[in-house]
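First up is the structure itself, then whatever we jot down about it.
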Amino acid sequence: MKMARREFVGLVGASVASLSVGNLGWGAASSQGPETIEHGGWRLTIAPSGDITSLTDGKLELVNGKLGDNHPRVLMPGKALFECSRPVSVRRDGARTTFHYAFAERYNFTVDYEVELLTLENQVAAVKQRVRINAPTAITDGVKLVLPRNIQLPFDDRKVFVPLKNGVGRRKAVGGLDNDDEYLFHFAGGYEGGRPQMLSIPMLDEYADQTDLHLTHCADPYFTSHITFPYQGKIGQLHCFYPGNVGVKEEERTVYTGLHRGDASTAMKVFYATVLPDVAQGPDWLHSVSMIDYDYLSKNGRGWYADIDKLTEVIQPPDRGKVFLALHAWYDLVGRYTYDHRTHSLDKTWTALPSARDKEVQALGDGPELWNDWYWHKRALVDLQPVPMSIAEVHRRIRYAKDRGFRVGMYYSDGLSSCDRGKPLADPGTVLHWGGWHGPDTNGKTYQQSPLHPGVRDFFKGYLQALIGEYGREVDGFIMDETFFVDPGDLGTAAYPGYADRAMMTLVKELAAIVAGASPQLAFFASDVIGVRTWINKAPYALMAHATYQDSGSRPEAWSYGLFPNFRNTLWSCNWAPVTNFRYTKYAVETFDTPVTISNGCAGDDMGISEVPPQTLQAMLELFEKRKSRRMDIGWIEENQGVATYQGREIIYKGSLWTE
């Protein structure tokens, strides 16, 4: 949510004027002296107010005190401004100092502000600033949290590396222009500003020709961050806005300033080391996978075996570990997945694709021809049948692939989708909004469940643990499809209010941690699908996962939007039309080093590798031969004199570079 500029300007004039120039003063001085922290060759000095007054390595001073102070501000736009400058207590704990502020006039709340100097690996240091707001009774007015920024390289011609939403790593001067130096990571909550440049991740890397020191400015990805840089006499800031219809009771933001002597790639590593130290990187084998298959219980269950037989024939044993086969639609219904949450157990037997013969499913093949090119063909649906299934049969399917040397992934869920099975819902409070996937594995209307509902979170964690307990020693990963159904800005329901997007982000994080805890060689995949058609504002939930296996049909415009969120992992996609749209696969492999993608099932071409025409099969195998000797190590798109390139290869599909 963006806060209108007039709402912000409605604050008392004097306070707004002070904020705009950044020199708001410290308030009453404390009897205590400044705190000095020395760590890793760096010295950090903090005034009794909480203001950072110095950050230096003995050569460069990085705090521009002329711009004003940098302690936090809490605003209720148009109503009140609270400066965190008069702490009621200060606590020192090693390299961390915590300032506690209390406010009781008109609004009753406290602020805990932590400042810490961290030493990381490879001679990297970071200043950590954490702000916690606590109110005994929720504040129901809009609240704006502002953290002024006067930490900068002490040069006039500073530059910045910008990880744009569209995958471009833009390098530009810090110029002090309104929109040109305004950046936004859009997620939960809102901001106040003009037309900022959209960030893929909440990170900016500052550098200058006069020094090899870089400042990596980054923030936690659980909320919106609007960032401006200090320039000449103007202070910068990071701010976010908590809307009144959600309220503020307990909120926390964390901001880091990384100090390193690397480059933009180092800055990306600093981002993960500071902001996401508790999110495990995906297993290394992901980078060597060179062919991927999605099987939607094809040919009423027979296609899986036929395609594996063909792959065994055409892929030599040493290369089969580079082929990943995704087992999809093995379950009963979307939203249930054969899991009984009451007993925390999986069904022994069930029927997969139970709605295959329903009129609504059969009618999917009557859609427009363009739709058929992507999804349903009448010829496939006519033959579609419900399939008897069991735990023993799922094990057999997995072992059939594993015994031949292939890797296997298991479809975990369709995001948080569920279906009402044509009956009233037992708990309507689980519904975030109606709509979503409709196919032979749904019954009734589809809806998206709220990640704010504790029962929903408990279900998906319990279900994942049950899957791991049953199949985790055999498979290589679990795929959470269609994570993109919860959008940035989505709020909860009256029964379970809050930020649904933030809750989805933390749920993906918890699920990935469960998988990583079971085995560091297991992977948990998100499926964000950012950039397809006009979906450029989708959330980067992959930041919390080990990889992405997106259901984007391998459309070329989607690849660039997934680069930064998957930087240290991998980015894959299915292609439900692997023959009709083989050009998509070829472009992705040759430009972004993606795996060769094949599929089978009643959607799209409905044609597995055992059925593709000989000419197409040969082209797929030749592409695999070229790809198998390379790793997928993700970078970003560079702008070279008007030509966009990715790791030296020109971006042919310019539509992937749109930003709005």
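Since the model is a prediction, treat every value here as computed from it, not as a measurement. Nothing fancy with the numbering, it's 1 onward along the sequence.
- Atom CG in Asp319 sits 12.0 Å away from atom CZ in Arg627 (nearest 0.5 Å).
- Thr580 and Asp605 are linked by a side-chain donor-acceptor pair at a separation below 3.5 angstrom, with hydrogens and angles left out of the test.
- When ring centroids are compared, Phe485 and Tyr541 stay outside the 6.0 Å threshold.
- Of all heavy-atom pairs between Thr343 and Ser345, the closest is OG1-OG, 2.6 Å.
- Within 6.0 Å of the CZ atom in Arg473, the count of heavy atoms belonging to other residues, nucleotides or ligands does not exceed 12.
- Note that OG1 of Thr224 and OH of Tyr499 are 9.5 Å apart. Values are rounded to the nearest 0.5 Å.
- Contact record, Val394 with Met410: CG1-CE, 3.7 Å, taken as the closest heavy-atom pair.
- By the 4.5 Å heavy-atom criterion applied to side chains, Lys586 and Phe582 are counted as neighbours.
- One distance of note links OG of Ser298 with NE2 of His328; it measures 11.5 Å at 0.5 Å rounding.
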- Residues Lys402, Asp476; criterion salt bridge (charged side-chain N to carboxylate O under 4.0 Å, His left out); working and verdict: CA-CA 10 Å; Lys402 295 292 290 185; Asp476 297 280; 2.8 Å; yes

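- The six-membered or imidazole ring of Tyr471 lies near that of His395, with a centre-to-centre distance under 6.0 Å.
- Side chains of Ser527 and Asp481: a donor on one and an acceptor on the other come within 3.5 Å.
- Checked against a 6.0 Å centroid threshold, the rings of Trp304 and Tyr400 do not count as neighbours.
- Between Asp528 and Lys538, none of the side-chain N atoms (NZ, or NE/NH1/NH2) sits under 4.0 Å from a carboxylate O, so this pair counts as no salt bridge.
- Minimum interatomic distance between Gln448 and Gly435 (heavy atoms only, all atoms of both residues): NE2-O, 2.8 Å.
- Under the 6.0 Å cut-off for aromatic ring centres, Tyr412 and Tyr463 qualify, their centroids lying closer than that.
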- Task: Using the ring-ring contact (aromatic ring centres under 6.0 Å, His included) rule, take Tyr339 and Phe459 through it: C-alpha gap first, then chi angles, then the decisive distance, then the call.
- Result: CA-CA 9 Å; Tyr339 176 62; Phe459 175 92; 5.2 Å; yes

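- The two atoms that bring Tyr496 and Leu452 nearest to each other are O-CD1, 3.6 Å, heavy atoms only.
- Ionic pairing of Asp347 and Arg336 is present here: one or more N-O contacts between side-chain nitrogen and carboxylate oxygen are shorter than 4.0 angstrom.
- Between Asp606 and Lys299, at least one side-chain N (NZ, or NE/NH1/NH2) sits under 4.0 Å from a carboxylate O, which counts as a salt bridge.
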- Query: Is there a salt bridge (charged side-chain N to carboxylate O under 4.0 Å, His left out) between Arg502 and Glu251 once you walk through the steps?
  - Reply: CA-CA 12 Å; Arg502 184 169 65 182; Glu251 291 293 343; 2.7 Å; yes

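- If you look at Phe592 and Tyr646, their ring centroids are closer than 6.0 Å.
- Residues Ser560 and Asn166 have side chains that never bring a donor and an acceptor to within less than 3.5 angstrom of each other.
- When every heavy atom of Leu563 is checked against every heavy atom of Ile634, the shortest pair comes out as O-CG2, 3.4 Å.
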- Task: Might you work through the salt bridge (charged side-chain N to carboxylate O under 4.0 Å, His left out) test for Lys461 and Glu510, ending with a clear yes or no?
- Result: CA-CA 8 Å; Lys461 288 189 285 186; Glu510 291 168 13; 3.1 Å; yes

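- Phe185 and Phe223 have their aromatic ring centers separated by at least 6.0 angstrom.
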- Query: Given Phe484 and Trp535, is the ring-ring contact (aromatic ring centres under 6.0 Å, His included) satisfied, shown in steps?
  - Reply: CA-CA 9 Å; Phe484 58 83; Trp535 293 354; 5.2 Å; yes

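- Separation of the Tyr549 and Tyr294 ring centroids falls under the 6.0 Å cut-off.
- Both tests do not hold together for Arg457 against Phe460: distance to the six-membered ring centre under 6.0 Å, angle to the ring axis within 45°.
- Note that Arg407 lies in the cation-pi zone of Trp285, set by a 6.0 Å cut-off to the ring centre and a 45° limit from the axis.
- Remark: aromatic rings of Trp559 and Tyr587 are distant, center separation not under 6.0 Å.
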